Amino acid sequence: MELRMRGLRPNASGDAPSFTSLNTHRWAVCRPCAFRPCVPTRRLRLVPRALHQEGGGLGPLERELDAAILREDYGQAAVLRDKLREQREGNLSGVLQANAAFYKAFGDADLPAMEAVWGKSESVQVIHPAAGCIAGRDQVLSSWQLILEGGALDITIHNVRAAATDTIGWVTCLEATKAGSRTGRVLATNIFQREGSGWKLVHHHGSII
């Protein structure tokens with residue numbers, strides 16, 4: 001059985017979502033349908049230069065690399081290129097680890113862990129399946145509290161694609177969930193922002209399929 005995920009409906013004014021319709025399992029039984037098979041997990045490493053930098057300029061290593069190339073110091077350019085590659089790979093690894101921590105908290109129904117995953121800013125937001133946008137850390141975590149009250153579930157992710165810059169990273173994936181005989185499939189986008197030495201979730205959007 002395919003499960004339709006349910007979230008929050010807008011209130012009467014149409015402005016802010018209400019928690020009244022939140023299904024604690026984020027789903028309800030829907031009509032049977034055939035699932036498309038999952039494809040092997042993949043990672044797409046895309047690091048647009050325009051997003052790699054604060055204020056629209058190049059990052060420090062990129063500036064040094066460009067300068068080395070301009071003065072035809074190719075030995076130094078090779079060293080900087082390798083450092084830049086290591087930095088980008090480190091950023092991507094950090095984002096993927098933060099993404100894994102999010103889904104572990106989700107699957108374990110662990111509210112403290114979920115709170116630790118999310119950023120501290122009031123600009124964080126979540127869009128649960130078939131729901132409106134919920135903004136602000138307190139509101140976002142309140143919505144997750146209601147969802148996690150439904151208990152733990154098996155959740156695996158497929159078709160993972162991720163990219164990262166020095167300050168922001170994003171992941172898209174397919175969530176496959178199972179609780180007893182019930183299953184669900186949701187396409188998700190997760191956006192992470194660097195906070196201190198770590199990465200925190202600042203936006204989650206799930207869409208039922």
Side-chain angles (χ1 to χ4, degrees), residues 26 38-66 80-108 110-129 131 133-141 143-144 147-148 155-177 185-207 209:
R26 218 164 72 142
C38 297
V39 301
T41 298
R42 293 180 297 172
R43 297 178 186 174
L44 181 61
R45 299 187 178 185
L46 295 177
V47 189
R49 291 185 67 158
L51 293 178
H52 225 290
Q53 42 290 350
E54 300 177 3
L58 295 177
L61 281 177
E62 289 177 314
R63 287 196 296 269
E64 292 182 38
L65 176 57
D66 284 356
L80 292 169
R81 177 203 60 202
D82 292 342
K83 286 184 178 180
L84 186 59
R85 181 185 298 114
E86 290 176 4
Q87 182 183 74
R88 290 174 174 175
E89 290 177 350
N91 291 339
L92 184 63
S93 176
V95 167
L96 289 170
Q97 289 176 21
N99 193 65
F102 165 65
Y103 283 109
K104 186 177 190 308
F106 190 179
D108 292 346
D110 186 339
L111 183 59
M114 182 64 77
E115 291 173 345
V117 164
W118 281 87
K120 305 297 184 183
S121 171
E122 286 306 304
S123 64
V124 301
Q125 55 189 21
V126 63
I127 303 175
H128 294 294
C133 181
I134 303 170
R137 178 176 167 83
D138 289 345
Q139 289 284 91
V140 166
L141 292 177
S143 73
W144 280 109
I147 290 169
L148 299 183
I155 180 167
T156 57
I157 57 174
H158 308 270
N159 301 0
V160 178
R161 295 175 174 84
T165 72
D166 290 341
T167 58
I168 192 169
W170 54 98
V171 179
T172 61
C173 60
L174 169 65
E175 302 173 1
T177 55
R185 288 159 57 92
V186 171
L187 289 175
T189 298
N190 300 317
I191 300 177
F192 298 87
Q193 188 171 25
R194 186 185 291 278
E195 289 188 8
S197 59
W199 294 90
K200 297 296 182 179
L201 186 60
V202 294
H203 178 87
H204 169 76
H205 185 175
S207 300
I209 58 172

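Predicted, not measured: the structure shown is a model, and the values here were computed from it. Side chains included, hydrogens not; waters and symmetry mates left out as well; all remaining heavy atoms used.
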Taking every non-hydrogen atom, the tightest pair across Val140 and Ser143 | O-OG, 2.6 Å
The reported gap from CD in Glu89 to CG in Leu84 (rounded to nearest 0.5 angstrom) is 10.0 Å
Could you tabulate the donor-acceptor pairs under 3.5 Å formed by side-chain atoms of residues 116-123, not counting sequence neighbours?
from: Ser121; atom 1: OG; to: Ser123; atom 2: N; distance (Å): 3.0
from: Ser121; atom 1: OG; to: Ser123; atom 2: OG; distance (Å): 2.7
from: Glu122; atom 1: OE1; to: Arg137; atom 2: N; distance (Å): 3.4

Partners of Phe192 by ring-ring contact (aromatic ring centres under 6.0 Å, His included), sequence neighbours excluded?
-> none
Report yes or no: does Arg194 contribute a side-chain atom to a donor-acceptor pair with the main-chain N or O of Asp166 at less than 3.5 Å?
-> yes
Closest non-hydrogen atoms of Val171 and Leu96, given as atom of the first, atom of the second and distance, are CG2-CD2, 4.5 Å
Can you say whether the rings of His205 and His203 are parallel (under 30°), tilted (30 to 60°) or perpendicular (over 60°)?
-> perpendicular
Closest non-hydrogen atom pair between Val95 and Ala164, with its separation = CG2-CB, 3.9 Å
Could you tell me the separation between the CG atom of Leu148 and the CE atom of Met114, rounded to the nearest 0.5 Å?
-> 5.0 Å
Whether His204 and Trp144 hold their rings parallel, tilted or perpendicular, with breakpoints at 30° and 60° = tilted
Modelled atom types, side-chain donor and acceptor of Ser93 and Gln97, under 3.5 Å | yes
Just how far is it from atom CG of Leu187 to atom CD1 of Ile209, taken to the nearest 0.5 Å?
-> 4.5 Å
Taking Asn91 for the side chain and Thr165 for the main chain, is one N or O donor matched with an acceptor at less than 3.5 Å?
-> yes
Atom pair OG1/CD1 of Thr172 and Ile191 - distance to nearest 0.5 Å = 10.5 Å
Atom pair CZ (Arg88) and CD (Glu62), whose distance is rounded to the nearest 0.5 Å = 5.0 Å
Taking all atoms of both residues into account, what is the closest heavy-atom pair of Ala98 and Trp199, and its distance?
-> CB-O, 3.8 Å
Considering only NZ, NE, NH1 and NH2 on the basic side and carboxylate oxygens on the acidic side, decide whether Arg63 and Asp66 come within less than 4.0 Å.
-> no
Nearest heavy-atom pair of Gln125 and Ala135: which atoms, and what distance?
-> CB-CA, 4.1 Å
Using a 4.5 Å cut-off on heavy atoms from C-beta on, say whether the side chain of Phe102 contacts that of Ile157.
-> no
How many angstroms lie between atom CG of Asp82 and atom CG of Leu65, to the nearest 0.5 angstrom?
-> 10.0 Å
